[in-house]
Structure formats: structure tokens, C-alpha cells
Amino acid sequence: MTEKLLSDVRHNFELINENIAKAAERSGRKREDITFLAATKTVDVSVINYAISLGLDHIGENKVQELLSKYDSYDLENCSLQFIGHLQTNKVRQLVGKVDLIQSVDSLKLANEIARQSTARNITTDILVEVNVGNEDAKSGVAPEQVEELLFQLCKIEGISVKGLMSIPPICENTQKICKYFDKMRNLFLDIKSKNIDNISMDILSMGMSSDYQEAILQGATMVRIGSLLFGERIYK
Ligand SMILES: *Cc1c(COP(=O)(O)O)cnc(C)c1O
């Protein structure tokens, strides 16, 4: 771990926080209304913990194996650990009880397994429903048209608590296009919120990454997930 890397992370952290504050203000909200979650895949725990020492208070991993291998080393006293990647049912048991939020729930089957593992531990696990907002074949997530129907099933299940929606929109060549997807997510989020479904809260709208987090906030995101802009380009070992 080099001095240069740490000073870059510190600089990036400050810059991102300033930009989040500006975007929040432009969208009629406060800095504290927006959660900055750092996507920490491939990042060394020492660097993650350095960012936490600067005030970073939400991190997300996207692979169960990687999360488990780093788990004992994270400084989590003042930081929430979340899961943001595609989750297979057979890995749920290893994850439940370790993370504060599973952002990537995209089927009844997966939700049922999270609930089963949670009730076995006498806990409730907070989840988001992942929406495949661009209806892309290769992407996980529930089709926008099917979100409400899934929520009416999830609201009856003990051991899980739905807190909102998450999405990874298609890669777009310009911000105008991506904003269309963010807008679609916001409308879905507000539409569901207005229905006040029992046991379902719509507090978190998780969307926006390094290249588009400011646009996402302007379109109503309450949480952005940022990796490379904070930590630099990912190096896959
Ligand atoms: C890696 C990752 C991000 C962050 O991506 P960047 O473009 O590096 O900011 C956000 N969300 C998920 C689910 C990720 O896996």
C-alpha cells in the first residue's frame, strides 16, 4: 500500500462527498439524505479501512467468497457492510447475519432462503429488490412490470424486511439515456411508495455509480454505489 494510493483515496473521497452534497442540494435535499456506499470489490482491506477512517460509513461487496475472506479484517464499528452482487441461493447461509442489507434480491426463491436463514438465527434481514430496469437478457433483477407482484409476496414473509429498490441500468452512450432509466426507477419507486404496502418500506433507492452518481441523485437516488472513482481502476488478481 503506497502513500500515493492513500492520498488519492483521500482526495477522491473529499471530491465525491462535495459532489454528492451539490447534487443533493440541486435536487432539493441535504447531504445527509444521500448515502455514499463504496463498492469495495478487489480492494485491499487496508485501503478500505483507510477510507473508513476518513468517514466512509457504507461499504458493499459483490462476491460472497471475497466478502468472507475479508470479513474479519474490516473495521465495522462505524460502517455498514452490505451485499450488492448477484447472490446464489446456496451462498445465502454464509452471508446472513454478516451484512446489514442485501441489495440484490431478484426472486421469491432467493428471498425465501434469506428469510429461512434469518429466522433460524432469530434475526430479520433487510433487503432491496433489484430491478432490471433495461429489461436486459444478461442481467439479473426483476422486470419493472413484475416488481409490485413480487413485493406483495415478499411482504408476507417473516425474517426479511424490504427497504427499497436497487438497479444497475444498461450501459448508455450518453447521460440523457441513462437519465431515462433513472427516471423510470424513480417513478416505480414513488408509485410503490404511494401504495403503502404492509411491511414494505420504500426508503432506499440505490442507483448511480462512478460515472453517473450525480445524475442519479438528481433523478432521486437516495444511495449511490461508487467503486473506481474512489479507489482507482480495479485490478483483478
Ligand atoms: C462495482 C459495482 C459498483 C461500482 O462500480 P464503479 O463503476 O466502479 O463505480 C456499483 N454497483 C455494483 C453492484 C457493483 O458491483
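Every number for a ligand or one of its atoms is a count from 1 in the order of the listing.
- Counting only heavy atoms of the protein, atom 11 (N) of ligand 1 lies nearest to Arg225 NE, 2.9 Å.
- Set against the non-hydrogen atoms of Ile168, the atoms of ligand 1 under 4.0 Å away are 13 (C).
- With hydrogens and angles disregarded, no donor-acceptor distance shorter than 3.5 Å links the side chain of Thr119 to the backbone of Asn122.
- Near Ile226, meaning under 4.0 Å from one of its heavy atoms, ligand 1 places the atoms 9 (O).
- The closest approach between a heavy atom of Leu229 and any atom of ligand 1 is not below 4.0 Å.
- Atom 9 (O) of ligand 1 has Ser210 OG, 2.5 Å as its closest protein atom, hydrogens excluded (heavy atom only).
- Annotation for ligand 1: atoms under 4.0 Å from non-hydrogen atoms of Gly227 are 4 (C), 6 (P), 8 (O), 9 (O).
- The protein atom (non-hydrogen) at minimum distance from atom 15 (O) of ligand 1 is Lys41 NZ, 2.6 Å.
- Minimum heavy-atom separation, Asp183 to Gln219: OD1-OE1, 3.6 Å.
- The protein non-hydrogen atom at the shortest distance from atom 10 (C) of ligand 1 is Met209 SD, 3.1 Å.
- Protein heavy atom nearest atom 13 (C) of ligand 1, with residue, atom name and distance: Ile84 O, 3.4 Å.
- Taking the six-membered ring for Trp, Phe36 and Tyr213 have ring centres at least 6.0 Å apart.
- Only one option out of Asn90, Thr89, Val96 pairs with Glu113 in a side chain to side chain contact (heavy atoms under 4.5 Å, CB included); it is Thr89.
- A distance-only check finds no donor-acceptor pair linking the side chain of Arg29 to the backbone of Ala21 [under 3.5 Å].
- Look at Gln103 and you'll find every heavy atom at least 4.0 Å from all atoms of ligand 1.
- Formation of a donor-acceptor pair under 3.5 Å by the Asn174 side chain with backbone atoms of Lys177 is found in this model.
- Summarising the local packing, NZ of Lys63 is surrounded by 12 or fewer heavy atoms from other residues, nucleotides or ligands at distances under 6.0 Å.
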